[in-house]
There are 2 protein chains.
Amino acid sequence: MPRRNADTREDIRAVAMELFAENGFEQTSLRQIAERLGITKAALYYHYPSKDELLSELARPMVDDLGAYVAHARDAGPGDAPDLLRRYLELCHRHRLLLQSVLREPAVLAKLGVLTAVLQRRLEVDRALVGSDRPTDRVRAIIAFGGLQDCVVLMGDERLETYADAAVESALRALAPPR
Amino acid sequence: MPRRNADTREDIRAVAMELFAENGFEQTSLRQIAERLGITKAALYYHYPSKDELLSELARPMVDDLGAYVAHARDAGPGDAPDLLRRYLELCHRHRLLLQSVLREPAVLAKLGVLTAVLQRRLEVDRALVGSDRPTDRVRAIIAFGGLQDCVVLMGDERLETYADAAVESALRALAPPR
DNA sequence: GTCTATAGGATGATAGAC
DNA sequence: GTCTATCATCCTATAGAC
């Protein structure tokens with residue numbers, strides 16, 4: 001298998017992401033990554049000091065993006081719900097490859113040390129949007145945000161524009177308190 | 001760690017489920033299961049011929065339950081949406097331990113050979129409820145069903161009755177076509 | 001930067017005694 | 001039904017030559 005371009009580190013990230021998406025993180029060995037790249041495991045270790053470090057580098061863009069989103073959402077408040085939902089959908093879509101693969105494995109989340117942090121932030125956003133953390137309020141936020149995330153995962157390679165409006169509107173109805 | 005009761009096969013399933021929920025399937029070794037049970041790996045193999053077979057046995061109740069649900073949903077149709085959503089929530093809650101752990105790992109779904117089958121059935125149910133598989137229609141079904149599933153996973157050990165009504169109502173609003 | 005070679009350990013699974 | 005002992009295989013990671 002020929003190399004893709006001159007930047008080996010970038011090639012490694014691309015191939016690793018492919019394989020993680022196909023087989024999951026734990027199920028993918030450095031041997032597989034090296035083979036698909038046409039180099040050896042030892043060469044991988046020249047570029048990345050460990051498998052975990054490679055994982056962190058792959059996940060960092062999404063983690064950072066999510067951090068910025070939460071900061072924004074905290075300030076925005078419930079009035080901006082339509083905008084916040086759309087931004088969340090777009091964020092998920094930007095990072096859909098990661099979302100479809102690695103970020104579903106609990107072991108991976110624990111390894112990244114982001115599990116509790118992410119859940120905590122998610123709860124903050126939920127509370128900001130529905131105004132309380134009583135179970136009957138929380139579920140509305142869970143269905144709205146979780147549902148949008150599920151859309152991205154299940155719609156696969158469908159272009160975002162074909163479903164974005166419908167998804168945001170549906171999530172918005174889910175979020176609204178019962179009359 | 002002392003044995004729980006006289007039925008070793010049942011003990012094995014219980015402990016395996018615990019550990020899979022804590023660490024994921026691939027990340028849990030037979031050595032860990034045996035240790036927590038207070039027996040050896042070899043004893044495990046007396047009761048289960050392989051790790052995969054153990055997994056299948058753990059997952060079968062949910063797979064069967066889901067099969068029955070889909071058969072029912074196919075006959076019911078869109079008019080029964082509130083009932084179908086509630087049944088789905090209850091189904092997810094019955095199998096929440098499985099849902100929180102094993103069934104999120106793509107490698108596991110592939111191993112069970114249920115990945116395509118489940119997605120296929122899910123699509124059937126979606127179509128039955130929203131009447132088409134156009135992206136703008138599908139997302140409504142995804143948010144409703146996916147959202148309910150997310151509720152069960154994220155609400156953890158919260159009692160179902162505390163949030164079931166609110167969740168079903170929210171999902172129902174998400175499912176409704178935009179006016 | 002990439003290689004060969006290998007250390008050191010865990011894993012799933014099996015053989016055979018009791 | 002459970003044990004000890006072991007196999008073959010795979011893994012992450014490192015050492016050192018080129």
Side-chain angles (χ1 to χ4, degrees), chain A residues 1-59 101-102 105-113, chain B residues 1-59 101-102 105-113:
Chain A
M1 189 62 65
R3 293 278 304 287
R4 310 193 170 199
N5 65 48
D7 190 339
T8 307
R9 272 178 68 92
E10 205 177 297
D11 291 349
I12 292 173
R13 284 198 299 274
V15 166
M17 186 74 107
E18 275 176 21
L19 282 167
F20 292 164
E22 288 171 26
N23 317 317
F25 175 75
E26 308 290 350
Q27 206 62 4
T28 301
S29 69
L30 296 181
R31 182 186 54 74
Q32 290 175 280
I33 298 174
E35 250 169 34
R36 188 172 287 193
L37 272 165
I39 61 174
T40 63
K41 281 190 295 172
L44 276 186
Y45 276 96
Y46 173 80
H47 296 279
Y48 285 96
S50 74
K51 193 185 179 187
D52 286 0
E53 193 57 40
L54 174 55
L55 170 67
S56 289
E57 193 133 331
L58 283 177
S101 58
V102 167
E105 296 173 65
V108 165
L109 292 172
K111 199 161 276 181
L112 287 173
Chain B
M1 187 63 65
R3 292 279 304 287
R4 310 190 169 202
N5 64 49
D7 190 339
T8 306
R9 273 180 66 93
E10 204 176 297
D11 290 350
I12 292 172
R13 283 198 299 274
V15 166
M17 186 73 107
E18 275 176 22
L19 282 167
F20 292 166
E22 289 172 26
N23 317 318
F25 175 75
E26 308 289 351
Q27 206 61 3
T28 302
S29 69
L30 296 180
R31 183 186 53 76
Q32 288 175 281
I33 297 174
E35 252 170 33
R36 187 172 289 193
L37 272 166
I39 60 173
T40 63
K41 278 191 298 172
L44 275 186
Y45 276 96
Y46 173 81
H47 296 280
Y48 286 96
S50 73
K51 193 185 178 186
D52 287 0
E53 193 56 42
L54 175 54
L55 171 67
S56 290
E57 193 132 331
L58 283 178
S101 58
V102 166
E105 297 173 65
V108 165
L109 292 172
K111 200 163 275 180
L112 287 173

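Computed from a predicted structure; not experimentally measured. Chain identifiers are assigned alphabetically (A, B, ...) following the order of the sequence lines, protein sequences preceding nucleic acid strands; residue numbering begins at 1 within each chain.
Looking at A/F20 and A/I33, their side chains come closer than 4.5 Å, going by heavy atoms from C-beta outward. Residues B/L19 and B/V15 form a side-chain contact, since some pair of their non-hydrogen atoms from C-beta on lies under 4.5 Å apart. At least one side-chain heavy atom of A/T8 sits under 4.5 Å from a side-chain heavy atom of A/I12. At a threshold of 4.5 Å between non-hydrogen side-chain atoms, the residues B/L44 and B/L37 count as touching.
Within residues 50-58 of chain B, the residues having any heavy atom closer than 4.0 Å to DNA chain C are, in order of number, B/S50, B/K51. Near DNA chain C, meaning a heavy atom under 4.0 Å away, the residues from residues 22-29 of chain B are B/T28, B/S29.
Distance check: A/L55 CG to A/Y48 OH gives 11.5 Å after rounding to the nearest 0.5 Å. A distance of 6.5 Å separates CG of B/D7 from CG of B/D11, quoted to the nearest 0.5 Å. Atom CD of B/E105 is separated from atom CG of B/L112 by 10.5 Å, given to the nearest 0.5 angstrom.
Residues passing the side-chain contact (heavy atoms from CB on, under 4.5 Å) test with B/A43 are B/I39, B/T40, sequence neighbours excluded. Scored by the salt bridge (Lys or Arg N to Asp or Glu O under 4.0 Å) test, A/E57 finds A/R9, A/R13 as partners (sequence neighbours excluded).
Rounded to whole Å, the distance from OH on B/Y46 to P on C/dA17 is 18 Å. One atom, NE2 of B/H47, and another, P of D/dT2, lie 4 Å apart when rounded to the nearest Å. When rounded to the nearest whole Å, the span between CD1 of A/I33 and C1' of D/dA13 equals 14 Å. As a whole-Å value, the separation of A/L44 CG from D/dC11 P is 13 Å. Taking atom OH on B/Y45 and atom P on C/dT14, their separation rounds to 7 Å, with Å as the unit. Atom P of nucleotide C/dA13 and atom CG of B/L30 are separated by 6 Å, given to the nearest angstrom. Distance, B/Y48 OH to D/dT2 P: 13 Å, rounded to whole Å.
Distances shown here put every side-chain N or O of B/R31 at or beyond 4.0 Å from the OP1 or OP2 atom of C/dA10.
What you find for B/S101 and B/A21 is that their closest heavy atoms are CB-CA, 3.2 Å.
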Return the polar atom pairs (N/O with N/O) between nucleotides 3-6 of chain C and the protein under 3.5 Å, or none.
unit_1: C/dC3; atom_1: OP2; unit_2: A/T40; atom_2: N; d: 2.7
unit_1: C/dC3; atom_1: OP2; unit_2: A/T40; atom_2: OG1; d: 2.9

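The stretch residues 42-56 of chain B participates, sequence neighbours left out, in these salt bridge (charged side-chain N to carboxylate O under 4.0 Å, His left out) pairs: B/D52-B/K111.
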